[in-house]
Amino acid sequence: MITWYIIAALFLGVLAGYASNMMGAAWLNPIFSDTIFNLSLFALLFLMGIIFGMDRQAVSKLKETGFKILIFPFTIVLGSITGGFIGALILGTDIFAAMGVCAGCGWYTLTGPLAGQLFGLKWGAIGFTVNFLRELITIVAASPASKIDRYAPVAMGGATAMDTTLPVIVRATSQDMLITAFTSGFIITLLAPFMITAIATLAG
Amino acid sequence: MLSIANSLVLVFPLALGILIGYFLRDRRRLNIDSLILGVIIVLIFCLGFSMGSNGELLAVLPSVGLTTIVLLAMTLLFSIIFVKAARRIAKA
(Lines give C-alpha, C1' and ligand atoms only; values in the text may rest on other atoms or scores of the structure.)
Protein backbone atom coordinates (compact mmCIF):
# COMPACT_ATOMS: atom_id res chain seq x y z
CA MET A 1 0.00 0.00 0.00
CA ILE A 2 2.70 2.46 1.08
CA THR A 3 4.80 1.45 -1.92
CA TRP A 4 1.95 2.57 -4.17
CA TYR A 5 1.81 5.98 -2.47
CA ILE A 6 5.54 6.31 -3.11
CA ILE A 7 5.24 5.28 -6.76
CA ALA A 8 2.31 7.68 -7.22
CA ALA A 9 4.35 10.52 -5.65
CA LEU A 10 7.27 9.76 -7.96
CA PHE A 11 5.02 9.63 -11.04
CA LEU A 12 3.21 12.86 -10.14
CA GLY A 13 6.56 14.51 -9.44
CA VAL A 14 7.90 13.54 -12.87
CA LEU A 15 4.72 14.85 -14.52
CA ALA A 16 4.80 18.10 -12.53
CA GLY A 17 8.49 18.61 -13.31
CA TYR A 18 7.92 17.93 -16.99
CA ALA A 19 4.90 20.24 -17.11
CA SER A 20 6.69 23.07 -15.31
CA ASN A 21 9.55 22.87 -17.81
CA MET A 22 7.16 22.80 -20.77
CA MET A 23 5.41 25.90 -19.44
CA GLY A 24 8.74 27.64 -18.96
CA ALA A 25 8.48 27.81 -15.18
CA ALA A 26 12.18 27.03 -14.69
CA TRP A 27 12.25 29.03 -11.45
CA LEU A 28 10.20 26.26 -9.80
CA ASN A 29 13.01 23.81 -10.44
CA PRO A 30 15.51 24.83 -7.72
CA ILE A 31 12.66 25.15 -5.20
CA PHE A 32 11.61 21.52 -5.59
CA SER A 33 14.92 19.96 -6.66
CA ASP A 34 17.05 21.71 -4.03
CA THR A 35 15.23 23.60 -1.27
CA ILE A 36 12.28 21.31 -0.49
CA PHE A 37 14.27 18.23 -1.48
CA ASN A 38 17.06 18.97 1.00
CA LEU A 39 14.73 20.09 3.78
CA SER A 40 12.61 16.96 3.53
CA LEU A 41 15.72 14.79 3.39
CA PHE A 42 17.06 16.35 6.60
CA ALA A 43 13.68 15.99 8.31
CA LEU A 44 13.38 12.38 7.16
CA LEU A 45 16.80 11.34 8.45
CA PHE A 46 16.12 13.08 11.77
CA LEU A 47 12.75 11.36 12.20
CA MET A 48 14.04 7.96 11.10
CA GLY A 49 16.90 8.40 13.57
CA ILE A 50 14.42 8.95 16.41
CA ILE A 51 12.49 5.77 15.55
CA PHE A 52 15.76 3.83 15.36
CA GLY A 53 17.10 5.23 18.65
CA MET A 54 13.88 4.24 20.43
CA ASP A 55 13.93 0.69 19.07
CA ARG A 56 15.88 -1.58 21.46
CA GLN A 57 15.73 -4.58 19.15
CA ALA A 58 17.13 -2.65 16.18
CA VAL A 59 20.16 -1.54 18.19
CA SER A 60 20.90 -5.03 19.53
CA LYS A 61 20.50 -6.57 16.06
CA LEU A 62 22.96 -4.06 14.69
CA LYS A 63 25.45 -4.94 17.45
CA GLU A 64 25.23 -8.58 16.34
CA THR A 65 26.29 -7.62 12.82
CA GLY A 66 28.93 -5.19 14.10
CA PHE A 67 31.80 -4.26 11.86
CA LYS A 68 30.63 -6.77 9.29
CA ILE A 69 28.35 -4.07 7.86
CA LEU A 70 31.48 -2.57 6.29
CA ILE A 71 31.59 -5.59 3.96
CA PHE A 72 28.49 -4.40 2.12
CA PRO A 73 29.59 -1.13 0.49
CA PHE A 74 32.82 -2.61 -0.87
CA THR A 75 31.05 -5.72 -2.13
CA ILE A 76 28.31 -3.66 -3.76
CA VAL A 77 30.82 -1.45 -5.61
CA LEU A 78 32.77 -4.51 -6.79
CA GLY A 79 29.57 -6.27 -7.87
CA SER A 80 28.36 -3.18 -9.74
CA ILE A 81 31.66 -2.84 -11.62
CA THR A 82 31.66 -6.58 -12.44
CA GLY A 83 28.14 -6.13 -13.82
CA GLY A 84 29.48 -3.37 -16.08
CA PHE A 85 32.25 -5.68 -17.27
CA ILE A 86 29.85 -8.55 -18.07
CA GLY A 87 27.40 -6.13 -19.68
CA ALA A 88 30.13 -4.73 -21.94
CA LEU A 89 31.09 -8.28 -22.99
CA ILE A 90 27.47 -9.02 -23.92
CA LEU A 91 27.15 -5.76 -25.87
CA GLY A 92 30.66 -5.86 -27.36
CA THR A 93 31.25 -2.28 -26.31
CA ASP A 94 33.94 -0.27 -24.45
CA ILE A 95 34.68 -2.30 -21.30
CA PHE A 96 36.29 0.49 -19.26
CA ALA A 97 33.57 3.02 -20.03
CA ALA A 98 30.89 0.48 -19.10
CA MET A 99 32.65 -0.36 -15.81
CA GLY A 100 33.08 3.34 -15.06
CA VAL A 101 29.42 4.07 -15.67
CA CYS A 102 28.34 1.15 -13.43
CA ALA A 103 30.75 2.25 -10.67
CA GLY A 104 28.41 5.23 -10.20
CA CYS A 105 26.15 2.92 -8.14
CA GLY A 106 23.00 4.97 -8.69
CA TRP A 107 24.49 8.43 -8.24
CA TYR A 108 23.38 9.86 -11.57
CA THR A 109 24.04 13.53 -10.86
CA LEU A 110 27.70 12.62 -10.39
CA THR A 111 28.14 9.83 -12.95
CA GLY A 112 26.45 11.60 -15.87
CA PRO A 113 28.77 14.64 -15.97
CA LEU A 114 31.87 12.72 -14.82
CA ALA A 115 31.51 9.89 -17.35
CA GLY A 116 30.80 12.47 -20.06
CA GLN A 117 34.07 14.17 -19.26
CA LEU A 118 36.13 10.98 -18.98
CA PHE A 119 34.63 8.68 -21.63
CA GLY A 120 32.85 11.06 -24.02
CA LEU A 121 29.35 12.45 -24.46
CA LYS A 122 27.65 9.17 -25.32
CA TRP A 123 28.89 7.58 -22.09
CA GLY A 124 27.84 10.65 -20.17
CA ALA A 125 24.30 10.02 -21.37
CA ILE A 126 24.53 6.32 -20.49
CA GLY A 127 25.99 7.20 -17.08
CA PHE A 128 22.98 9.38 -16.50
CA THR A 129 20.35 6.86 -17.58
CA VAL A 130 21.83 3.69 -16.01
CA ASN A 131 22.15 5.33 -12.59
CA PHE A 132 18.92 7.28 -12.81
CA LEU A 133 17.01 4.08 -13.58
CA ARG A 134 18.87 2.25 -10.84
CA GLU A 135 17.46 4.68 -8.29
CA LEU A 136 13.99 4.43 -9.85
CA ILE A 137 13.99 0.62 -9.88
CA THR A 138 15.17 0.48 -6.26
CA ILE A 139 12.23 2.65 -5.20
CA VAL A 140 9.74 0.53 -7.12
CA ALA A 141 11.23 -2.95 -6.54
CA ALA A 142 12.82 -2.82 -3.06
CA SER A 143 10.00 -4.84 -1.56
CA PRO A 144 10.03 -7.83 -3.98
CA ALA A 145 13.86 -7.74 -4.07
CA SER A 146 14.02 -8.14 -0.28
CA LYS A 147 12.59 -11.64 -0.76
CA ILE A 148 15.63 -12.68 -2.84
CA ASP A 149 17.99 -11.51 -0.12
CA ARG A 150 17.45 -9.36 2.97
CA TYR A 151 20.27 -7.10 1.79
CA ALA A 152 19.31 -7.00 -1.89
CA PRO A 153 17.55 -3.59 -1.61
CA VAL A 154 20.72 -2.12 -0.04
CA ALA A 155 22.75 -3.54 -2.94
CA MET A 156 20.34 -2.15 -5.53
CA GLY A 157 20.23 1.27 -3.90
CA GLY A 158 24.03 1.60 -3.98
CA ALA A 159 25.01 5.20 -3.21
CA THR A 160 21.37 6.27 -2.89
CA ALA A 161 20.84 3.98 0.14
CA MET A 162 21.84 6.91 2.37
CA ASP A 163 19.19 9.31 1.08
CA THR A 164 16.41 8.90 -1.47
CA THR A 165 16.03 5.12 -1.34
CA LEU A 166 16.70 4.81 2.43
CA PRO A 167 13.05 5.05 3.56
CA VAL A 168 11.97 2.56 0.91
CA ILE A 169 14.71 0.10 1.91
CA VAL A 170 13.81 0.33 5.62
CA ARG A 171 10.12 -0.19 4.84
CA ALA A 172 10.92 -3.18 2.62
CA THR A 173 13.14 -4.81 5.26
CA SER A 174 13.26 -3.78 8.93
CA GLN A 175 14.22 -0.99 11.32
CA ASP A 176 17.71 -2.39 11.99
CA MET A 177 18.52 -1.96 8.28
CA LEU A 178 18.58 1.85 8.75
CA ILE A 179 22.21 2.06 9.85
CA THR A 180 23.39 -0.70 7.49
CA ALA A 181 21.80 1.00 4.48
CA PHE A 182 22.94 4.49 5.50
CA THR A 183 26.53 3.39 6.18
CA SER A 184 26.65 1.45 2.93
CA GLY A 185 25.33 4.40 0.91
CA PHE A 186 27.68 6.77 2.73
CA ILE A 187 30.82 4.74 1.97
CA ILE A 188 29.74 4.13 -1.64
CA THR A 189 29.22 7.90 -2.01
CA LEU A 190 32.85 8.37 -0.98
CA LEU A 191 34.08 5.52 -3.22
CA ALA A 192 32.12 6.23 -6.42
CA PRO A 193 33.95 9.34 -7.74
CA PHE A 194 37.29 7.74 -6.88
CA MET A 195 36.43 4.44 -8.63
CA ILE A 196 35.08 6.12 -11.78
CA THR A 197 38.23 8.22 -12.09
CA ALA A 198 40.50 5.23 -11.34
CA ILE A 199 38.80 3.13 -14.06
CA ALA A 200 39.24 5.99 -16.54
CA THR A 201 42.94 6.14 -15.65
CA LEU A 202 43.28 2.38 -16.27
CA ALA A 203 41.64 2.85 -19.67
CA GLY A 204 44.47 5.29 -20.44
CA MET B 1 21.09 17.92 -6.15
CA LEU B 2 23.52 16.14 -3.86
CA SER B 3 27.26 16.79 -3.92
CA ILE B 4 29.74 14.88 -1.77
CA ALA B 5 29.95 17.61 0.90
CA ASN B 6 26.17 17.80 0.90
CA SER B 7 25.92 14.05 1.43
CA LEU B 8 28.37 14.02 4.32
CA VAL B 9 26.27 16.59 6.14
CA LEU B 10 23.40 14.04 6.23
CA VAL B 11 25.13 12.24 9.12
CA PHE B 12 24.18 15.08 11.48
CA PRO B 13 20.36 14.96 11.37
CA LEU B 14 20.53 11.15 11.56
CA ALA B 15 22.90 11.12 14.56
CA LEU B 16 20.87 13.82 16.34
CA GLY B 17 17.67 11.84 15.76
CA ILE B 18 19.19 8.63 17.11
CA LEU B 19 20.45 10.44 20.22
CA ILE B 20 17.05 12.02 20.89
CA GLY B 21 15.31 8.69 20.22
CA TYR B 22 17.65 7.00 22.70
CA PHE B 23 16.65 9.39 25.48
CA LEU B 24 12.96 9.11 24.60
CA ARG B 25 13.16 5.33 24.97
CA ASP B 26 11.39 4.96 28.25
CA ARG B 27 8.68 7.45 27.42
CA ARG B 28 5.33 6.42 26.05
CA ARG B 29 5.67 5.35 22.44
CA LEU B 30 5.79 8.37 20.23
CA ASN B 31 3.88 7.90 17.00
CA ILE B 32 5.58 9.69 14.15
CA ASP B 33 5.06 7.00 11.49
CA SER B 34 2.45 8.98 9.57
CA LEU B 35 4.64 12.09 9.74
CA ILE B 36 7.52 10.08 8.27
CA LEU B 37 5.29 8.80 5.47
CA GLY B 38 4.27 12.38 4.70
CA VAL B 39 7.90 13.50 4.49
CA ILE B 40 8.76 10.50 2.27
CA ILE B 41 5.97 11.47 -0.13
CA VAL B 42 7.27 15.05 -0.32
CA LEU B 43 10.87 13.85 -0.84
CA ILE B 44 9.96 11.37 -3.58
CA PHE B 45 7.76 13.95 -5.28
CA CYS B 46 10.72 16.36 -5.36
CA LEU B 47 12.96 13.61 -6.69
CA GLY B 48 10.42 12.97 -9.46
CA PHE B 49 10.21 16.70 -10.11
CA SER B 50 13.96 17.01 -10.60
CA MET B 51 13.92 14.00 -12.93
CA GLY B 52 10.92 15.22 -14.95
CA SER B 53 12.26 18.75 -15.34
CA ASN B 54 15.66 17.45 -16.49
CA GLY B 55 15.11 17.84 -20.23
CA GLU B 56 18.66 16.74 -20.99
CA LEU B 57 18.11 13.41 -19.24
CA LEU B 58 14.75 12.69 -20.86
CA ALA B 59 16.08 13.58 -24.32
CA VAL B 60 18.94 11.05 -24.25
CA LEU B 61 16.86 8.15 -22.89
CA PRO B 62 15.73 6.71 -26.26
CA SER B 63 19.12 6.91 -28.03
CA VAL B 64 21.03 4.89 -25.44
CA GLY B 65 18.23 2.43 -24.71
CA LEU B 66 19.80 -1.00 -25.32
CA THR B 67 23.17 -0.23 -23.68
CA THR B 68 21.37 1.25 -20.69
CA ILE B 69 19.06 -1.73 -20.23
CA VAL B 70 21.86 -4.31 -20.45
CA LEU B 71 24.26 -2.41 -18.16
CA LEU B 72 21.51 -1.64 -15.67
CA ALA B 73 20.37 -5.26 -15.50
CA MET B 74 23.92 -6.58 -15.12
CA THR B 75 25.02 -4.03 -12.54
CA LEU B 76 21.94 -4.73 -10.39
CA LEU B 77 22.25 -8.49 -10.80
CA PHE B 78 25.93 -8.65 -9.88
CA SER B 79 25.67 -6.26 -6.95
CA ILE B 80 23.00 -8.57 -5.48
CA ILE B 81 24.97 -11.76 -6.29
CA PHE B 82 28.14 -10.32 -4.73
CA VAL B 83 26.32 -9.29 -1.55
CA LYS B 84 24.70 -12.70 -1.26
CA ALA B 85 28.09 -14.41 -1.72
CA ALA B 86 29.83 -12.06 0.74
CA ARG B 87 27.18 -12.73 3.38
CA ARG B 88 27.72 -16.46 3.01
CA ILE B 89 31.50 -16.10 3.30
CA ALA B 90 31.46 -13.62 6.18
CA LYS B 91 28.37 -15.17 7.81
CA ALA B 92 26.85 -11.70 8.16
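Below, chain A is the first sequence line, B the second, and so on; all start at residue 1.
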Task: Side chain, backbone, both or neither of A:Ile139 within contact of chain B (heavy atoms, under 4.5 Å) - done: side chain
Task: Shortest non-hydrogen contact between B:Ile41 and A:Ile6, atoms and distance - done: CD1-N, 4.2 Å
TODO: Report the C-alpha separation of A:Asn29 and B:Phe49 in whole Å, then their side-chain angles, then the decisive distance to 0.1 Å, and conclude whether the side-chain contact (heavy atoms from CB on, under 4.5 Å) test is met.
DONE: CA-CA 8 Å; A:Asn29 218 346; B:Phe49 195 97; 3.9 Å; yes
Open item on the list: Heavy-atom pairs under 4.5 Å with chain B - which of A:Leu12, A:Ile76, A:Ile137, A:Val130 has more of them than the others?
Closed with: A:Val130
- [ ] With a 4.5 angstrom heavy-atom cut-off, could you sort out which part of A:Leu10 is near chain B: side chain, backbone, both or neither?
- [x] both
Open item on the list: Determine whether A:Tyr5 and B:Ile40 satisfy the following criterion, side-chain contact (heavy atoms from CB on, under 4.5 Å), listing intermediate values before the conclusion.
Closed with: CA-CA 10 Å; A:Tyr5 282 133; B:Ile40 292 174; over 6 Å; no
For residues 15-23 of chain A, run the donor-acceptor check on the side chains, cut-off 3.5 Å, and write out each pair with its distance to 0.1 Å, sequence neighbours left out.
residue: A:Ser20; atom: OG; partner: A:Gly17; partner atom: O; Å: 3.2
residue: A:Asn21; atom: ND2; partner: B:Ser53; partner atom: O; Å: 2.6

Task: Minimal non-hydrogen separation, B:Ser79 against A:Arg134, with atom names - done: OG-NH2, 3.6 Å
Task: Which atoms of A:Leu78 approach chain B - backbone, side chain, both or neither, heavy atom under 4.5 Å - done: both
TODO: Starting from the C-alpha separation in whole Å, work towards a yes-or-no answer on side-chain contact (heavy atoms from CB on, under 4.5 Å) for A:Thr93 and B:Val70.
DONE: CA-CA 11 Å; A:Thr93 185; B:Val70 173; over 6 Å; no
Task: Min side-chain heavy-atom separation B:Asn54-A:Phe128 under 4.5 Å - done: yes
- [ ] Counting only heavy atoms closer than 4.5 Å, note whether A:Asp55 contacts chain B via side chain, backbone, both or neither.
- [x] backbone
TODO: Check whether any side-chain heavy atom of A:Ile81 sits under 4.5 Å from a side-chain heavy atom of B:Phe78, and report yes or no.
DONE: no
- [ ] To the nearest 0.5 angstrom, please state how far the CD1 atom of B:Ile18 sits from the CD1 atom of A:Ile51.
- [x] 12.0 Å
TODO: Using the ring-ring contact (aromatic ring centres under 6.0 Å, His included) rule, take B:Phe45 and A:Phe32 through it: C-alpha gap first, then chi angles, then the decisive distance, then the call.
DONE: CA-CA 9 Å; B:Phe45 178 86; A:Phe32 282 105; 5.7 Å; yes
- [ ] From the options B:Val42, B:Leu43, B:Ile44, select the one residue that forms a side chain to side chain contact (heavy atoms under 4.5 Å, CB included) with A:Phe37.
- [x] B:Leu43
Open item on the list: Is B:Leu71 close to chain A through its backbone or its side chain, or both, or neither, when contacts mean heavy atoms under 4.5 Å?
Closed with: both
Task: Heavy-atom closest pair, residues B:Arg25 and A:Met54 - done: CG-O, 3.8 Å
Task: Shortest non-hydrogen contact between A:Cys102 and B:Thr75, atoms and distance - done: CB-OG1, 3.4 Å
Task: CG-OG1 distance between A:Asp94 and B:Thr67, expressed to the nearest 0.5 angstrom - done: 11.0 Å
- [ ] Measure distances from A:Leu178 to the heavy atoms of chain B and classify the residue's part below 4.5 Å as side chain, backbone, both or neither.
- [x] side chain
Task: 4.5 Å side-chain heavy-atom contact, A:Arg171 and B:Leu37 - done: yes
Task: Flag side-chain contact, heavy atom, 4.5 Å: B:Val83 against A:Val154 - done: no
Task: Nearest-0.5 Å distance, CD1 of residue A:Ile50 to CD1 of residue B:Ile32 - done: 4.5 Å
Task: Contact origin within B:Ile80 toward chain A - heavy atom pairs under 4.5 Å - done: both
Task: From B:Ile69 atom CD1 to A:Leu91 atom CG, the distance as rounded to the nearest 0.5 Å - done: 10.5 Å
Open item on the list: Please classify the contact between A:Ile179 and chain B as side chain, backbone, both or neither, with a heavy-atom cut-off of under 4.5 Å.
Closed with: side chain
Open item on the list: Does A:Tyr151 form a side-chain contact (heavy atoms from CB on, under 4.5 Å) with B:Lys84? I'd like the steps, not just the answer.
Closed with: CA-CA 8 Å; A:Tyr151 290 84; B:Lys84 237 181 143 76; over 6 Å; no
- [ ] Please report the closest heavy-atom contact between A:Lys68 and B:Ala90, naming both atoms and the distance.
- [x] NZ-O, 2.9 Å
TODO: Side chain from CB out, backbone as N, CA, C, O: work out which of these in A:Ala26 comes under 4.5 Å of a heavy atom of chain B, or both, or neither.
DONE: neither
Task: Gap between atom CG of B:Leu47 and atom OG1 of A:Thr164 - 0.5 Å precision - done: 5.5 Å
Open item on the list: Tell me whether the count of non-hydrogen atoms from other residues, nucleotides or ligands lying under 6.0 Å of CG in A:Leu121 goes above 12.
Closed with: no
Open item on the list: Could you measure the distance from the CG atom of B:Leu72 to the OG1 atom of A:Thr129? Nearest 0.5 Å is fine.
Closed with: 8.5 Å
